[in-house]
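Throughout, a chain's letter reflects where its sequence line sits, starting with A, and its residues are numbered from 1.
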There are 2 protein chains.
Amino acid sequence: MDSKIVGLRSKLEIYKAGSGGGNIADCPVRDVIQGISNKWSSLLMMALAEKPYRFGELRRLVPDISQRMLTQTLHDLQRDGYVHREVFPTKPPSVEYSLTDLGRSMFGPLHQLLQWAELNHGAVRDARNAFDATET
Amino acid sequence: MDSKIVGLRSKLEIYKAGSGGGNIADCPVRDVIQGISNKWSSLLMMALAEKPYRFGELRRLVPDISQRMLTQTLHDLQRDGYVHREVFPTKPPSVEYSLTDLGRSMFGPLHQLLQWAELNHGAVRDARNAFDATET
DNA sequence: TAGTGCTGGTCTCTTTTTGAGACTTATATA
DNA sequence: TATATAAGTCTCAAAAAGAGACCAGCACTA
């Protein structure tokens, strides 16, 4: 399996697929993607792909996330099965977050996208500058 | 190039990389990723990867997007260089949106993620059900 | 000639989501 | 006694998204 686009024909079908009907709004693939298409998910996935972290460590690692959104994003990632949450009975109790097998599996393709971003952020920046220049 | 995770060690460095300093908040990779990590971008990228579409066609293709968000998301994708917008002097004027080379390039890894979602949405759904069952 | 519809939007208003920051509970340390 | 730490929760303000009316220019219809 290479990284070429396979089956250019029915990409929308993939998004639609599984719901049986033709309603693209309740498509399971879209449902999965939207669970990770938000401001903080990929960032936290990447942090946890490196190693497990505790709540406070993540907060310090990503200084511009609010405690509220850190709690909520970790909770959502846990609900979708990407992240495991474990409480240790220290005093005060500490909580460790780590990727599950499913999380590591999902991080594979996500990592490809992150690498693309690393290689191409210059091109994106240039496109933005050019665009902003033309519309005054 | 295969789909394995290369260089497990410094993933956060990728997110941080390029800005020179150590401030993860203004990291160019994060900047690129956040441009496409929103509710509608990946869906529109996928539609346009299939073939160019006109504004009204996209609106009918994705019935639950508001006209306002369709305009805005296409504008943002155009600004980042993924999408080309062309006005045809018909009456009334029609506007066609298509992927640029950069857009097609980015769609490669994005497509990998979409395929992962297609293969694993069952596991995610199961995880959600299990999670929701335990927290009553 | 007035009415209707099509195009690709914009404008305004309401609802939802996010952000900032104080507050909590229980323990340990100074 | 005062302060700190852990992992959150709660409240309020700000930002973003959704709903739907409205717009201009032209073609077609009645």
Side-chain angles (χ1 to χ4, degrees), chain A residues 23-26 30-31 33-44 47-48 51-80 83-98 131 134-136, chain B residues 23-26 30-31 33-44 47-48 51-80 83-98 131 134-136:
Chain A
N23 186 4
I24 205 173
D26 27 270
R30 200 173 137 180
D31 186 43
I33 292 295
Q34 291 195 347
I36 55 178
S37 289
N38 60 63
K39 188 166 177 181
W40 303 112
S41 290
S42 65
L43 189 50
L44 294 178
L48 295 175
K51 68 186 184 71
Y53 278 103
R54 288 174 41 196
F55 185 87
E57 291 176 317
L58 287 171
R59 193 157 59 89
R60 286 186 287 275
L61 201 60
V62 187
D64 59 336
I65 192 174
S66 66
Q67 217 159 323
R68 191 181 155 287
M69 287 312 293
L70 181 55
T71 304
Q72 185 178 309
T73 306
L74 287 169
H75 179 272
D76 293 349
L77 290 174
Q78 187 193 356
R79 188 172 100 100
D80 283 7
V83 161
H84 172 70
R85 177 181 185 272
E86 188 158 10
V87 181
F88 292 99
T90 56
K91 296 166 210 147
S94 54
V95 180
E96 188 181 85
Y97 293 91
S98 55
F131 185 86
T134 60
E135 63 158 19
T136 28
Chain B
N23 186 5
I24 206 172
D26 25 272
R30 200 174 137 180
D31 186 44
I33 293 295
Q34 291 195 347
I36 54 177
S37 290
N38 60 63
K39 188 166 178 181
W40 303 112
S41 290
S42 65
L43 189 50
L44 294 179
L48 296 175
K51 69 185 183 72
Y53 278 104
R54 288 177 39 199
F55 186 87
E57 292 177 316
L58 287 170
R59 194 156 58 87
R60 285 186 288 275
L61 200 61
V62 187
D64 59 336
I65 192 174
S66 68
Q67 218 161 320
R68 189 180 158 285
M69 287 314 293
L70 181 54
T71 303
Q72 185 177 307
T73 306
L74 287 170
H75 179 272
D76 293 348
L77 290 174
Q78 188 194 355
R79 189 172 101 99
D80 282 6
V83 161
H84 172 70
R85 177 181 186 270
E86 189 159 10
V87 182
F88 292 98
T90 56
K91 295 162 210 153
S94 54
V95 180
E96 188 181 85
Y97 292 90
S98 56
F131 185 86
T134 60
E135 62 160 17
T136 17

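Proximity note for B/Arg60 (side chain, C-beta onward) versus C/dG19, C/dT7, D/dG18: the nearest is C/dT7. Candidate nucleotides C/dC6, C/dA28, D/dA6 were compared by shortest atom distance to the side chain of A/Lys91, and C/dA28 ranks first. Closest to the side chain of A/Ser94, from the set D/dG18, C/dA20, D/dA6, is D/dA6. Checking D/dG18, C/dT18, C/dG8 against every side-chain atom of A/Gln72, the shortest atom distance belongs to C/dT18. Set against D/dC10, C/dC11, C/dG8, the side chain of A/Arg68 has D/dC10 as its closest nucleotide.
Taken to the nearest 0.5 Å, the CG atom of A/Asp80 stands 7.5 Å off from the CG atom of A/Asp31. In this structure, the separation between CG on A/Asn38 and OG on B/Ser37 is 7.5 Å, given to the nearest 0.5 Å.
When heavy atoms are screened at a 4.0 angstrom cut-off, B/Arg54 is found touching the sugar-phosphate backbone but no base atom. Using a 4.0 Å heavy-atom criterion, one finds that A/Phe88 contacts no nucleic acid atom at all.
The existence of a salt bridge linking B/Asp64 and B/Arg59 is excluded, since no basic side-chain nitrogen approaches an acidic carboxylate oxygen closer than 4.0 Å.
Here D/dT9 presents its P atom at 8 Å from NE2 of A/His75, a figure rounded to the nearest Å. Per the geometry, CG belonging to A/Leu70 stands 13 Å off C1' belonging to D/dA6, to the nearest Å. Atom CG of A/Leu74 and atom P of D/dA7 are 11 Å apart (whole Å). Taking atom CE on B/Met69 and atom C1' on D/dA16, their separation rounds to 8 Å, with Å as the unit. One can place CZ of B/Phe55 at 10 Å from C1' of C/dT10, the figure rounded to the nearest angstrom. At whole-Å resolution of the value, CD in B/Glu96 and P in C/dG8 are 11 Å apart. In this structure, A/Glu57 atom CD and D/dA7 atom C1' are separated by 13 Å, rounded to whole Å. Between the CZ atom of A/Arg59 and the P atom of D/dA6 there is a distance of 8 Å, rounded to whole Å.
In this structure, a donor-acceptor pair under 3.5 Å is absent between the side chains of B/Thr73 and B/Asp76.
A/Lys39 has no side-chain polar atom (N or O) that falls below the 4.0 Å cut-off from OP1 or OP2 of D/dA16. Phosphate proximity of C/dG19 to A/Trp40: present, with a side-chain N or O under 4.0 Å from OP1 or OP2.
Between B/His75 and A/Phe131, the distance separating the two ring centers is shorter than 6.0 angstrom.
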